[in-house]
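This one's a predicted model, so the numbers in the text were calculated from it and none came from an experiment. So that the names make sense, note that chain A is the first sequence line, chain B the second, and so on, each numbered from 1.
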Amino acid sequence: MRRQRSLILLGIAFVLMFAALVWQQREQEQQAAAPTPFPTPHLDRVFPELEVLAIQAVQLGVPGMERTLTLTRAEDGTWNAIGMDGELDAEAATAIARTLALLPYSQRFDIDDDTDLRQFGFRPAGDFFIQFITVFGDEHIVAVGEPSFEGPTYYALVDDRPQVYLLERGPVDFLVNHYMDPPVTRPDQ
Amino acid sequence: MRDELVITRSNLGQLASFVGVGALLMGGLGWLWAGWLSSYVQIALVIGIVGVALWVALTPREFIDFVSGRRARQGTVAVFSVLLFVGIVGMFYIFVERAVITLDMTEAGDFTLSAESRRVLASLDRDIRITGFYSPARVATRELDDQFFRQYEIESNGRITREYIDPVRQPAIATAFRAQDGDVFISFVNPDGTVDMNSVSYVPMIDRQERDMTLAISRLLATGTFSVYFDLSLGELDPGDMSSRGISIFTQLLQANGFNTQPLDLAQLAATNGQIPMDASAVIIARPQTEITPAMVRVLDDYLRRGGGLFLAADYPVTAIAEDSPFNDYLWNDWGMRVLDTVVVEEIATGPTPLDVVSAIIYDSDISASIDPEFDLDSRTQFRITRSIAIDDDPPVFNGSVIMSSPDSFGETDLDTLARTNDFGYDDGADIPGPLTLVGFSSNPETGGRVVVVGDSDFLTDGQIGSPSGNAYLSMNIIGWLTEYTQSVSFAPTAGVGNVPFIFVDTATLDRIVFGTLIVLPGVTLLLGLGVWFVRRRR
């Protein structure tokens, strides 16, 4: 009987402690939670499964501008520039495809319906877009926003994923440069 | 011959009760620890429910007897007692860990706020928010800062709260604060818990130490309390002039530190027999071009007798404040110092030219705070063609020198030659041998009046106030001392803490320690006990 009494006392202490913890948890949840950033020393690929040879067509462009750089791959594997006269630099085209396959990001974070995307440069569209189709029929689009806060990265949205990506500037600038100055040698050059 | 092991329905029921209650306990603790129903927690809870259900199904009578308290098997009571005890200890640990109890175990109290900081915090009458902007690359800096900021939160009983924002994830907020990565701001908090953006103030984290934050809080609390008046009636330097000859940066520094800045017309006040406004914490006369008349002296004297503060930045040429001018006589008679008709020359040039005089001798005072060229060369002050100041050895009030030139300097008295040919040289008997006072002060304890005189005004100008940094320190220190703002916060020299505490346990390690202490050790004990119990039963 004495053992049972001890058990009851322990049970009461347990319930009280449990209640105190639940109360403490609720109190802390009510306080404004400060976001805790963590370092991300490595880079990841936006499309980790994507292979260069799986890219069938690529389109680079600026929202609101008619001009785009559209590259398609023929059955024999050679690249063609759609709507452009001249000879396409095959190495440059492959480099573009390789850049898409490797497209690295340093960080990504979740967003929700209430997130104001304008702060990342999407008003509503970004400054640049990258679109490609794979041989399996998958379509992907990367909308690039503004350069990130004091960092060597761009904000980007990928497909309909509920995250903002921080893309490394180098690869994005490489694609932008090719859009601005297409790797096509005109007949008169 | 060994007895056969017979497992009864009762044994199974008891085992199910142990597993069920143990799993429920683990699930509950896991839920409290993680704060959400993770998959592990869900599995534990399911096992617990199944276990208890089996207990009820296999031995309903024992279950009812146990719950109703009529009877319980000895083993059941013992195991449940151990489980409950483990649960209580576990929850107590979680409670204490979440309470963030801070204890400074360092001998010098490196992680404890000073009495000065506590005094400032005791005067808080509004909630304050510390907002820090740290990108992932600055996590180490955030940890360093946080060990201080957390103390402010604790010491102020929650009146000061802290919030850290990743400017990469929330660039809009960073833009609203005009923040750079690593910047820290303080502000008042509105009743609805939002930041009062009108009160946002940048915290210059020079040393990333307690002093920086406490001074910033003091400035925030003092915002609008101090008013500094610039006289413009004598052709002085213009506080709105943004050229290299203006003093707009000095004005902005004052405003950034919470001072109101106002214009003053001393000539008109003298003409109308008026008074300097009562709210004037200090009056600045920066390089007057015309003489301060006896009527103006009376206005200034009236103000200083009311406990005011006067900052005079005289300069070369000497026409406005000549050695025998009415204002200089007043300074000598009432305040025990005067501006001499000399230009200080450093024979062994320490500045760009012999006429650029740097602070060679610095007396420890509030006015010279942070000016320590031996520690930081950039903290020196540098004056361009500066006049020297005579300090009365038998003054009517408390006076003294703050900054002096080197013993190798001298005061050139042949100003005509200097003006015409830019020629200078020591003439024994005519010139004044160094060291010479460049910055002097006087204070009257009876009236509270204070005066600071500097023989130069170039150090205040936009072109030179930041080059070297000591010029800015001096100018702000002078205003701080005149308005008695500096006295509101004073720190004894303390060794700085530049790192996070040496004993630093990361969350993963802490979790492993907790798991071993609260789960593994009692679990092993419990299993051993069960093992012994089973062995004994078999015998």
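In terms of heavy-atom pairs under 4.5 Å with chain A, the best-connected choice from B:P171, B:A174, B:G28 is B:P171. Between chain A and the residues B:A172, B:G87, B:P167, the largest count of heavy-atom pairs under 4.5 Å involves B:P167.
Atom CE of B:M91 has more than 12 heavy atoms from other residues, nucleotides or ligands within 6.0 Å. The number of heavy atoms from other shown groups lying within 6.0 Å of CZ (A:R118) does not exceed 12. For A:Q163, the CD atom is densely surrounded, since the number of other residues' heavy atoms within 6.0 Å is greater than 12. The number of heavy-atom neighbours closer than 6.0 Å to CZ of A:R98, taken from other residues, nucleotides and ligands shown, is 12 or below. When the shell of 6.0 Å around CG of A:D113 is examined, it contains 12 or fewer heavy atoms from other residues, nucleotides or ligands. At most 12 non-hydrogen atoms from other residues, nucleotides or ligands lie less than 6.0 angstrom from CZ of B:F92. For B:F85, the CZ atom is loosely surrounded, since the number of other residues' heavy atoms within 6.0 Å does not exceed 12. A 6.0 Å sphere centred on CE of B:M197 holds more than 12 heavy atoms belonging to other residues, nucleotides or ligands.
Using a 4.5 Å cut-off between heavy atoms, A:L166 touches chain B through its side chain atoms alone. In this structure, chain B has a heavy atom under 4.5 Å from the side chain of A:Y155, while its backbone stays farther away. Heavy atoms closer than 4.5 Å to chain A are found in the side chain of B:L25, but not in its backbone.
With rounding to the nearest 0.5 angstrom, the CZ atom of A:F18 is 14.0 Å from the CZ atom of B:F95. Once rounded to the nearest 0.5 Å, the distance linking CG of B:L84 with CD1 of A:I12 reads 11.0 Å. To the nearest 0.5 Å, atoms OH (B:Y93) and CG (A:L21) are separated by 12.5 Å.
When all heavy atoms of A:M17 and B:I88 are compared, the pair lying nearest together is CG-O, 4.1 Å. Minimum interatomic distance between B:V168 and A:F120 (heavy atoms only, all atoms of both residues): O-CE2, 4.1 Å.
With contacts defined as side-chain heavy-atom distances shorter than 4.5 Å, the pair B:R169/A:T115 does not qualify.
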